[in-house]
There are 2 protein chains.
Amino acid sequence: MEKAFIEQVRSFNRAVTLGTGALNDSYLGRGRPLGQARLLFEIGHDGSDIGSLRERLGLDSGYASRLLKSLEADGLVAIESDSEDRRRRLVTLTAKGVSERAAYDALSDDLARSLLDGLSTGQRGRLVAAMAEVERLMNAASIAIAAEPEDSRDARLCVAAYYKELDERFEGGFDPGNGGYAGKPAEAAGVFLIARLHGRAVGCGALKPLDASTAEIKRMWVAPDTRGLGVARRLLAALEDEARRMGMERIILDTNRSLLEAQAMYRKAGYRDTGRYNDNPYADFFFEKELGALAG
Amino acid sequence: MEKAFIEQVRSFNRAVTLGTGALNDSYLGRGRPLGQARLLFEIGHDGSDIGSLRERLGLDSGYASRLLKSLEADGLVAIESDSEDRRRRLVTLTAKGVSERAAYDALSDDLARSLLDGLSTGQRGRLVAAMAEVERLMNAASIAIAAEPEDSRDARLCVAAYYKELDERFEGGFDPGNGGYAGKPAEAAGVFLIARLHGRAVGCGALKPLDASTAEIKRMWVAPDTRGLGVARRLLAALEDEARRMGMERIILDTNRSLLEAQAMYRKAGYRDTGRYNDNPYADFFFEKELGALAG
DNA sequence: CCATTTATCTGACTTTAGTCAGATATTGTG
DNA sequence: CACAATATCTGACTAAAGTCAGATAAATGG
């Protein structure tokens, strides 16, 4: 890695903590400690239960309880037991809490505006564009890929989203029951990978062993709002690593003619067209790739 | 200001506090509280006195004293009285302190590297470029311009740097004693503006009343490493505002043929060429601008 | 030389943030 | 229904961060 790149990242870091340190003071400036302000923000318009608040902010149960109590004492939130499960407690913003939140919002807007204020119109446009680029790429960098059980909640959600998209994009729709997509038990244990962005599942891919030396890639999917970040490329590379680890020598896969980006990506990743190897009625193109030795 | 711009700034802010929140954890991870680690970083290679450390980090004197004491107890810094002013105390890093700092540095590098690691080569280049752009423009935005006494320390430093640069750039050099640059007392009180970036003086400009309706701009200078951020443009606009406030109707100025950027900037700001109005031997071009009404 | 200013230190204090071990109430399970 | 699991609360604690009022010692200005 180039030294200059690392230096630029660190320098950027210093600059934004100086510059947006001030931006984060929007949490302050209303005489409330940060912890309380963060909670106030995390309670959505429709309220939420204490458990999910705690999880989202990573708070200790006792700590969260006390913070909420002080917000309640200030008349900003109302806390009441969930009628369905009376152990659970629901937090909602009171009218005063809503306006307090709006005040924080206004403060935050003012600070953002004051940052832009000192700039010419051209500079403003360039700053905003560069910020969007940094944000996108930092998101791309913080995507983590890990194997998960194929029947976990997020795995099922990803696959459902995948099927839904296929149904929308294929001419004539898509039925998972057709073409060997459902049920058929795998010969050997496969791998199901999930890509996560800040905890949220934004992509998946499965590797299914066909015989001792060949595995098939299935269910490659990336959430629409996360495309263009290289998630698919990384999922593919991770699946290939898994395959090498399993002793596979060759990966094959099929895809539909309407999935143009997928075809381009596979070709770019070194996959070559090959002949039909199954009777999947949705498959129009077939790819294969010989795996080299395990890197690292 | 466009709503979308403000939203992008706020979204960027959230993204980087999430992403570089992790980067700032480099301050942690070595079992030392943040305050101590920040101090360790602020003490340069050559040490510094407690006062300037306090000022740079914005610490209370008692707090700073205690933090330094605990660093001293850990054998990381040495504190001794300044031989020139024995009230003042000088802090230097011990060998152990230097290596501890290096450890923090390595941690910081690792975190920066891990941010870049998840990206492709192309993405890396784009991220680093966008970061540099954001940094530059955030610096541009945080430049503050204010009037200061012409004989303040920073004012004198700026003017000295200005003269030095003229001497380097003019064919045949530049002598402040020549051409009415020094000494000559102003008819009425003028204004001296200094542009500061995070406290550091990075530019200056003076306004000198010539008669009841005409003022002259002199000593416009921007630090070389801060050029291209629009500092001069903003200084010029601020000087024009000052002139309007003083009831002036017209601004004039002269400049040397070697200062091409300056000529371009004046022309772009609405200045027109005019005839020689003084006997300054260094002046090759003369500009003037009629001031409109005071805005705002 | 004396009063004032300046630079730092000390003691006493507060607030924020966070942890941990139980206590309490409610719900699900055999 | 007893028992375990879950969701939250309470009490008792700690560490970090910061504030404030003097105390102390050295330098400065008349």
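Values reported hereafter were calculated over all heavy atoms of this structure, with side chains retained and with hydrogens, waters and symmetry mates removed. Reminder, nothing fancy here: chain letters follow the sequence lines and each chain counts from 1. Since we're looking at a predicted model, the values are computed, not measured.
- Contacts between residues 65-93 of chain A and DNA chain C, counted as heavy-atom distances below 4.0 Å, involve A/R66, A/D85, A/R86, A/R87.
- Taking all atoms of both residues into account, the shortest heavy-atom contact from A/L197 to A/N139 is CD1-O, 3.4 Å.
- Salt bridge annotation for B/E7-B/R14: present, with a cationic side-chain nitrogen under 4.0 angstrom from a carboxylate oxygen.
- With hydrogens and angles disregarded, a donor-acceptor distance shorter than 3.5 Å links the side chain of B/R124 to the backbone of B/L119.
- Across C/dA17, C/dC9, D/dT19, the shortest atom-to-atom separation from the side chain of A/L34 is found for C/dA17.
- When the C1' atom of C/dA7 is taken as reference, atom CD of B/E55 falls 13 Å away, rounded to whole Å.
- Checked by atom type, the side-chain pair B/S70/B/R66 shows no donor-acceptor distance below 3.5 Å.
- Here the side chain of A/P33 is nearest to one of D/dT19, C/dT19, C/dA17, namely C/dA17.
- Between the C1' atom of C/dT14 and the OH atom of B/Y63 lies a distance of 14 Å, rounded to the nearest Å.
- A salt bridge links B/R30 with B/E100: at least one charged nitrogen is closer than 4.0 Å to a carboxylate oxygen.
- The separation between A/R38 atom CZ and C/dA17 atom P is 9 Å, rounded to whole Å.
- Summarising the geometry, the separation between CZ on A/R54 and C1' on C/dG18 is reported as 14 Å, rounded to the nearest angstrom.
- Rounded to whole Å, the distance from CD on B/Q36 to C1' on D/dA15 is 12 Å.
- The residues A/R10 and B/D109 are annotated as salt-bridged, a charged nitrogen and a carboxylate oxygen being separated by less than 4.0 angstrom.
- Atom P of nucleotide C/dT10 and atom CG of B/D60 are separated by 14 Å, given to the nearest angstrom.
- Using a 4.0 Å heavy-atom distance criterion, A/G35 is classed as a sugar-phosphate-only contact.
- As a whole-Å value, the separation of B/L59 CG from C/dC9 P is 13 Å.
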